[in-house]
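What follows is a single structure, written as structure tokens, with notes after it.
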Amino acid sequence: MLKGKKIVLGVTGGIAAYKAAELVRELVRRGANVRVIMTDNACRFVTPLTFEILSGNPVATDLFRATGNFEIGHIALAEFAEMVVIAPATANLIGRMAAGLADDLLTTVLLATEAPVLLCPAMNDKMYANSAVQENLSRLVSRGHAVLEPGYGELACRAEGQGRLAEPLEIVEEIESILTVKNLRDERILVTAGPTQEPFDPVRFISNHSSGKMGYALAVMARRRGAAVTLISGPTALPMPRGVTFVPVGTAVEMRDAVLERLDGVTVVIKAAAVADYRPAVCEAMKIKKKGASMTVLLERNPDIISEIALQKGDRILVGFSMESDHLLEYARTKLMGKGMDFIVANDVTEPGAGFRGDTNIVRILDREGGVEALPRMDKMDVAGVILDRVRKIRENGRIPDGR
Ligand code: PMT
């Protein structure tokens, strides 16, 4: 998504300036063309050489000799930018922007650019809470600029509080989100992700290999496109995505209850979770001690969540997944028709690069009219994009097939 995107990064003078180096590295890794502007104070914390090497571009520090090339002045940088990011943004820079000042290269570019601007404040917690800073930020937001709030934690001044620069990956996610066309703004999308864990005593459970990556990719991409997203997730090692309503669950029954409780007002349901079909009939209160050479755990059926959603389908678009190790299309079609989905995304866990854990998937998308779209091996984020395109197409055509 960021491939070829022209991003101007303004670095101002705070201790968090060193984190901007990591941000540049990540943006460049994703293919962005990054130009860095440093204020005089930023140069006291990190040298321009650091950013020059990481971005592969000259670093601009001086209004009158921007990047040492007369062609690339402040207007040229303002026009070059498809997006301007300020990280870290100090209270001083925020104040000067709010006042409309243009007394150095960065503030001049900020006044001259028509690109979206993202501010990532970082400062002492009391400074951040100060009404002058908050009023300045509100003013900048009312002018259409985006603000990525600082995180809580230990600050450079050893205080604890809100003021830490957002993590580089969070900043990158916000940049991706701002640059994404908001074509799902009217949708409220509920995504399920990850495995369920079905315990049979306090230390053991039955589960599967789902990492949650497929479902989280759907939640992140849907949020980038402007949807209001609820992510109901079984236990995973993934960080909670920003900007979505996150509901952690353990068992299939908990997932079913969480989904049905939140179904009101939801316009799209995407069930990427790998739900255990069976659970132990009994969960012992105490750890089961080993006795004989073998042990039997009696299993009973879990509720079929997607079938229960289909009973209340209404105008909702219902998307299911099918995970198979054989007869992929045949089994997927049976689930599509039997479980009342609008379309189903089938993946074969035996195919290298598909299914559990990895960053890629290989899917076939089956619709109720008999169509099958076979996609090559793709990053799970891109697979999510294709699924959301389908959702949009169904909505645009005004065609909500009778899911039953
Ligand atoms: O999480 P990752 O590591 O990224 O892996 C991704 C994935 C392989 C888990 C994902 O791509 C996937 O295929 N998810 C669905 C797995 C699955 O449970 O498939 P199924 O064929 O058993 O179920 C069919 C559909 O019914 C699914 O949408 C499932 O969420 C739903 N279901 C299943 C059982 C049940 N009791 N309730 C359900 O709602």
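This structure is a prediction, so every number in the text was calculated from the model and none was measured. Counting convention: from 1, in listed order, for ligands and their atoms alike.
Remark: minimum distance from atom 19 (O) of ligand 1 to any protein heavy atom is reached at Met323 N, 3.5 Å. Among protein heavy atoms, atom 6 (C) of ligand 1 sits closest to Met214 CB, 3.6 Å. At the shortest separation from atom 2 (P) of ligand 1 among protein heavy atoms lies Ser211 OG, 3.4 Å. Summary of contacts: the protein heavy atom closest to atom 13 (O) of ligand 1 is Asn347 ND2, 2.9 Å. Of all protein heavy atoms, the one closest to atom 34 (C) of ligand 1 is Asp277 OD1, 3.2 Å. Protein heavy atom at the shortest distance from atom 22 (O) of ligand 1 is Lys335 NZ, 4.3 Å. Nearest non-hydrogen protein atom to atom 30 (O) of ligand 1 is Ala273 O, 2.8 Å.
Between Glu198 and Phe205 the shortest side-chain heavy-atom distance does not fall below 4.5 Å. In this structure, the side chains of Asn92 and Thr12 stay at 4.5 Å or more apart for every pair of heavy atoms. Within the 4.5 Å cutoff, the side chain of Glu176 has heavy atoms near those of the Val172 side chain. When side chains are defined from C-beta on, Glu173 counts as touching Arg224, because their heavy atoms get closer than 4.5 Å. Val247 places none of its side-chain heavy atoms less than 4.5 Å from the side chain of Glu261.
Using a 4.0 Å cut-off between a side-chain N of Lys or Arg and a carboxylate O of Asp or Glu, Lys393 and Glu396 do not qualify as a salt bridge. Ionic pairing of Glu135 and Arg139 is not present here: no N-O contact between side-chain nitrogen and carboxylate oxygen is shorter than 4.0 angstrom.
Residue Phe246 places its CZ atom among more than 12 non-hydrogen atoms of other residues, nucleotides or ligands, all under 6.0 Å distant. By the 6.0 Å contact criterion, CZ on Arg44 is open, its count of non-hydrogen atoms from other residues, nucleotides or ligands being 12 or less. By the neighbour-count criterion of 12 heavy atoms within 6.0 Å, atom CE of Met295 is densely surrounded, having more than that number from other residues, nucleotides or ligands.
Those atoms of ligand 1 with a heavy atom of Gly355 less than 4.0 angstrom away are 5 (O), 6 (C), 8 (C). Per-residue contacts place Lys380 under 4.0 angstrom from the following atoms of ligand 1 (heavy atoms of the residue considered): 2 (P), 3 (O), 4 (O), 5 (O). For ligand 1 and Gly212, the ligand atoms under 4.0 Å from any heavy atom of the residue are 1 (O), 2 (P), 3 (O). Interface atoms of ligand 1 facing Gly320, defined by a heavy-atom separation under 4.0 Å, are 28 (O). Under a 4.0 Å criterion applied to the non-hydrogen atoms of Asn361, ligand 1 contributes the atoms 11 (O). The ligand atoms of ligand 1 that sit less than 4.0 angstrom from a heavy atom of Arg357 are 2 (P), 3 (O). The distance from ligand 1 to the heavy atoms of Ile305 drops below 4.0 Å at these ligand atoms: 37 (N), 38 (C), 39 (O). Annotation for ligand 1: atoms under 4.0 Å from non-hydrogen atoms of Ile306 are 26 (O), 38 (C), 39 (O).
At a 4.0 Å heavy-atom cut-off, ligand 1 touches Ala272 through the backbone alone. Both the backbone and the side chain of Val275 come within 4.0 Å of ligand 1, judged by heavy-atom distances. If you look at Ser210 next to ligand 1, the close heavy atoms, those under 4.0 Å, come from the backbone and the side chain alike. Residue contacts with ligand 1 for Lys271 involve both N, CA, C or O and side-chain atoms from C-beta outward (heavy atoms, distance under 4.0 Å). With a heavy-atom cut-off of 4.0 Å, Thr236 does not touch ligand 1 at all.
In this structure, Gly194 does not count as a contact residue of ligand 1, since none of its heavy atoms falls inside 4.0 Å of the ligand. The closest approach between Lys339 and ligand 1 falls below 4.0 Å for a heavy atom of the residue. Proximity of Arg256 to ligand 1 is not established, as no heavy-atom distance is less than 4.0 Å.
Across Ala346, Pro303, Ala252, heavy-atom proximity to atom 36 (N) of ligand 1 is greatest for Pro303. Remark: among candidates Tyr216, Tyr278, Phe321, the nearest residue to atom 12 (C) of ligand 1 is Phe321, based on non-hydrogen atoms.
The closest donor-acceptor contact from the side chain of Arg164 to the backbone of Gly153 lies at 3.5 Å or more, if one exists at all. Here the side chain of Arg143 pairs a donor or acceptor atom with the backbone of Ala98 at under 3.5 angstrom.
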Practice task
Give the intermediate values and the outcome of salt bridge (charged side-chain N to carboxylate O under 4.0 Å, His left out) for residues Arg390 and Asp342.
Solution key: CA-CA 10 Å; Arg390 283 229 170 202; Asp342 290 296; over 6 Å; no

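With Arg364 as reference, Glu351 is the one residue of Glu330, Glu324, Glu351 to meet the salt bridge (charged side-chain N to carboxylate O under 4.0 Å, His left out) rule. Under the side-chain contact (heavy atoms from CB on, under 4.5 Å) rule, Ile309 has a single partner from Val266, Thr192, Leu190, Val269, which is Val269.
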